[in-house]
Amino acid sequence: MSFDVQEFRSHFPILDQEIYPKKKLVYFDNAATTQKPKCVAEAVEHYMMKVNGNIHRGTHKMASDATRAYEAVRDQVCSFMNAASREEIIFTKGTTESINLVAWSLGEMCLQTGDEVIVSEMEHHANIVPWQVLCQRKGAILKVIPFDKNGELRLDVFETLLSDKTKVVSVNHASNVLGTINPIEKIIQLAHLNGAYVVIDGAQGIGHCEVDVQKLDCDFYAFSGHKVYGPTGTGVLYGKRELLEQMPPFMTGGEMIETVTFEQTTYNVLPYKFEPGTPNYTDVIGLGAAIGFVLSYGKGKMVAWEEELYQYAISKLSQIDGFRLFGSAENKVGIISFAIEGVHHFDLGTLLDQLGFAVRTGRLCADPIMDHFEVQGVTRAALSPYNTKEEVDSFYSALLRLQQMFV
Amino acid sequence: MSFDVQEFRSHFPILDQEIYPKKKLVYFDNAATTQKPKCVAEAVEHYMMKVNGNIHRGTHKMASDATRAYEAVRDQVCSFMNAASREEIIFTKGTTESINLVAWSLGEMCLQTGDEVIVSEMEHHANIVPWQVLCQRKGAILKVIPFDKNGELRLDVFETLLSDKTKVVSVNHASNVLGTINPIEKIIQLAHLNGAYVVIDGAQGIGHCEVDVQKLDCDFYAFSGHKVYGPTGTGVLYGKRELLEQMPPFMTGGEMIETVTFEQTTYNVLPYKFEPGTPNYTDVIGLGAAIGFVLSYGKGKMVAWEEELYQYAISKLSQIDGFRLFGSAENKVGIISFAIEGVHHFDLGTLLDQLGFAVRTGRLCADPIMDHFEVQGVTRAALSPYNTKEEVDSFYSALLRLQQMFV
Amino acid sequence: MKTINEVQDEIIEEFSMFDDWMDKYANLIEMGNELNDIDPKYKVDNYLIKGCQSRVWLYPTFEDGKIHFEGESDAIIVKGLVSLLLKVYEDRTAKEILESELYFIDDIGLTQHLSPTRSNGLLSMVKQMRLYALAYDRKINS
Amino acid sequence: MKTINEVQDEIIEEFSMFDDWMDKYANLIEMGNELNDIDPKYKVDNYLIKGCQSRVWLYPTFEDGKIHFEGESDAIIVKGLVSLLLKVYEDRTAKEILESELYFIDDIGLTQHLSPTRSNGLLSMVKQMRLYALAYDRKINS
Ligand SMILES: Cc1ncc(COP(=O)(O)O)c(C=O)c1O
Ligand SMILES: Cc1ncc(COP(=O)(O)O)c(C=O)c1O
């Protein structure tokens, strides 16, 4: 059965608006955040306005209904990622918190002076700075896998970086700038052969790739709800149980403890040990609706359409004089970071906005990629399955038109 | 002008439901989380479904509209607490994260082996464990201000605990179990005389007390949005600018940096330095609506009604044989933690639920208070200005009726 | 001797007579009151199943291939639930316990007591009973 | 010499002629193109105002109680905005700058460029101009 983009799109009423008088919105900022289907807003509204009770400790009905709904999302995420058990799913406020959590806790558990952590040159700042700070604190060394001219990781260099000093390898599943889908199976294998733990920053991966954490055998996988049709303020950290068991907690407080005295505190079992305080249960329930939504279409079908759209867009945009694409890996998500010769990305973004196109411009939280290409920034059109070929066409025409303004 | 509880209540349609067949909901679990007025859900829905764009870096209209709305809430919170500048307002996911942030960062900045941190015996776990963990890491010592039989802090003991070793004092504004409003002005003064920084856990304070951080002169003030009519997943940390400037960041990632290379990272200015990653902007905007709602009534009026209700409730409930109140400080918020002789709190909570009453039972994330009274738990009815005298009456009757079941 | 499911069905039938939840809970309370307390010397941390809201002690003995449980709780409703569990699992073999499926709690409308949270020790108690059964099963088969 | 507000009003009038935002931006681009680049030796980090999306350099000189600014940006629209700011603040006294209120940006419908975020350096540039003015004011009055 083929993918009916108009039907899919109908779940996202936000897309049908004039963002300026007579300018239809074309939303291509999907790598920054996706739009939310109606069912997500409905779930959030339902639990905010009809069944709101603080979860876990409550004896009353709204509290236990909300608890059940919240914990059901844990089960759902567990099977969405094919984790071995629900205890391996930790809710956070986003990828950034997930990575900070694992960098802190895993670092406390396993990192010594002189040890090494490997990231890649194409990471988002969220997957660089926490490791950098950790290395500084521990006297460890941060190593970097470079990428080649197509925007693919140099696995040959990676192999030379690996040694018995390597304790952690943390790379993204897909790059938010280059779009590259990294060969994480291979990276995980190589790292494990050297006894290193592997963290996957799945912010851009989760919505576009099949994720089976048991098959991948990664030790951690992090993602944000808001990039996969869910609410802001939600995120997930998957971690292997035996590691989560050994790691010290990151944040502390209520709910994550078993008993507290001023002399000694014992911690609660997984996953609660890593979820102190009142969780963002309303939005987590919204995340559950988002995942249900994705499953109802099937990631495969959604991605197939996104891929078709991507190929279509690239074939058009490459016809533009001076069009430069950043990232042409063989295996990509629908992210198109580009420049048009002689046009500053900020100027382009500003005028595209006036024409109704929502794109992102600038350094995209990835300074090392900008340094690699020696540019100050790029313009990024990131596609989602709710986008259409007509939108791509009009984007193409808009670029041609704007290009004229700068000559 | 007097307070019209029915009018106020009309903003909370959740309250008008039968939670079980023929059982009207009576919501007394307000210290765990308050219900949300319609305007909060509307704001969230609006920014989720009509104006959703990831904030701060966007060049497109939805991104900048959402940014403006998000940053406007910072201004609003700034004036709500009377902070000296908007840079002093950090958004977090809740009190627990706020306290973890300050415990980590302030601890890194100022705590040495042998130094001391003071908390009180009536703290929520969220204001104990982070300090305990910090003290362990730093080789510092945790001291505890005890409370007396009325549930009031022993300031005389506090004075003896203070010394030039004291680096931080962290106490709650109001206790989530005893209801006590602590004399924080006095505590802040005394601590400052000894050169210690003061952190106020305002989770229960913000909704019930006037909070003017400049007048109080506290160094930090933390609260959760969900306890003051706002969405879950939102929280605030107020901190004095000169301290926030000096403190190292807690979590790191995108948006909180200025430039990143693998050798060195420089941080962004306040408040962004402490807000890495995509913030929960949708809910923060909801928090703005909640604060606007509170301001439109005036905290003073709301609290006056809560106080009247509290006095009314206490006068009724004290008539029950074997009724024991935990916390009878002179200055209290509308929190009634109690036991009925011979009835286990869990049994009571379970049956109250069946009658439609939402209360909280158990240890209330405050083990030291339970240890103090040598009880396994309590039952807590926490009032909010949307509660009515009729609700209190029916609660009183319910308790009498249930008491019969256990004889 | 009745099977585990027969006992469950009996309990379901007994509870089906109460239209009113009040009567249902009154019945549980009565059962709780009637249940013998366990020997105080077993009311120690070793046999304590930690739940946040109520404490449950569970003390197993093994004899002739069967498991015998004593149990208690400080909350009377939970004690009533304990007494139901004991009825169902009393003097069963490890195998019977491990293969059983508990449905009566759901059926008598007390599912909330099995929520995956710490509001009481019931779920933990069921788990603990199975753990004891598992350990015993391994022991006698090794 | 015209006052700051007179210059602002002129700019507003000029922009009011454009119905179409396209023309408005085309005009900004033209202004950007016409603005003289600053001396490359001042195009250094010291005079760089950091904005995430575009870079702006601002080089002040002080003479006869007045402040003279040169400015540049790598983004042409921002450069157009710079040129407007320079027009408004060109050869003013510190006092004039400090007492002025910038309303033209709002009035010509470019408020978004003043949002309290880092999407461009405009807000920072206005701040920086005021800081220079403040420093100069202190210097000549001390
Ligand atoms: C006094 C006090 N401090 C801290 C907290 C923790 O707040 P949150 O769970 O929203 O992080 C609470 C909430 O119960 C509280 O009452
Ligand atoms: C690859 C990658 N990692 C991490 C992040 C950070 O995600 P969040 O801002 O939701 O924490 C992003 C989001 O831009 C991303 O694209």
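Computation of the quantities below employed the complete heavy-atom set of this structure, encompassing side-chain atoms and omitting hydrogens, waters and symmetry-equivalent molecules. Note that this is a predicted model, so its numbers are computed, not measured. Order of the sequence lines fixes the chain letters, A, B, ..., with proteins taken first and strands second; residue numbering starts at 1 for each chain.
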Side-chain heavy atoms of B:Q136 within contact of A:Q264, under 4.5 Å: no

Going by heavy atoms in the side chains, are A:K23 and B:K61 under 4.5 Å from each other? no

Is any side-chain heavy atom of A:V129 closer than 4.5 Å to a side-chain heavy atom of B:I257? yes

Go through B:A366, B:G253, B:G356, B:P231 and name the one with the most non-hydrogen pairs under 4.5 angstrom from chain A. B:G253

Where the side chain of A:Q17 meets the backbone of B:K50, is there a donor-acceptor pair that is under 3.5 Å apart? yes

Can you check whether B:T33 reaches A:T278 side chain to side chain, under 4.5 Å on heavy atoms? no

Do A:N54 and B:H226 have side chains that get closer than 4.5 Å, going by heavy atoms? yes

Given heavy-atom pairs under 4.5 angstrom as the criterion, report whether the side chain, backbone, both or neither of A:W104 touches chain B. side chain

Determine the interplanar angle of the A:F250 and B:F250 rings, folded into 0 to 90°, and report it as parallel if under 30°, tilted if 30 to 60°, perpendicular if over 60°. parallel

Compute whether any side-chain donor of one residue and acceptor of the other, for A:N280 and B:T232, lie under 3.5 angstrom apart. yes

B:E18, CD atom: more than 12 neighbouring heavy atoms under 6.0 Å: yes

Is any side-chain heavy atom of B:C365 closer than 4.5 Å to one of A:E255? no

Under 4.5 Å from any heavy atom of chain B, what part of A:K38 do you find: side chain, backbone, both or neither? both

Would you mind checking which part of A:I99 comes under 4.5 Å of any heavy atom in chain B, side chain (CB onward), backbone (N, CA, C, O), both or neither? neither

At a 4.5 Å cut-off on heavy atoms, which part of A:P249 comes close to chain B: side chain, backbone, both, or neither? neither

Would a 4.5 Å heavy-atom cut-off, applied to side chains only, mark A:Y27 and B:H60 as touching? yes

A:Y47 side, atom OH; B:I14 side, atom CD1 - distance, nearest 0.5 Å: 11.0 Å

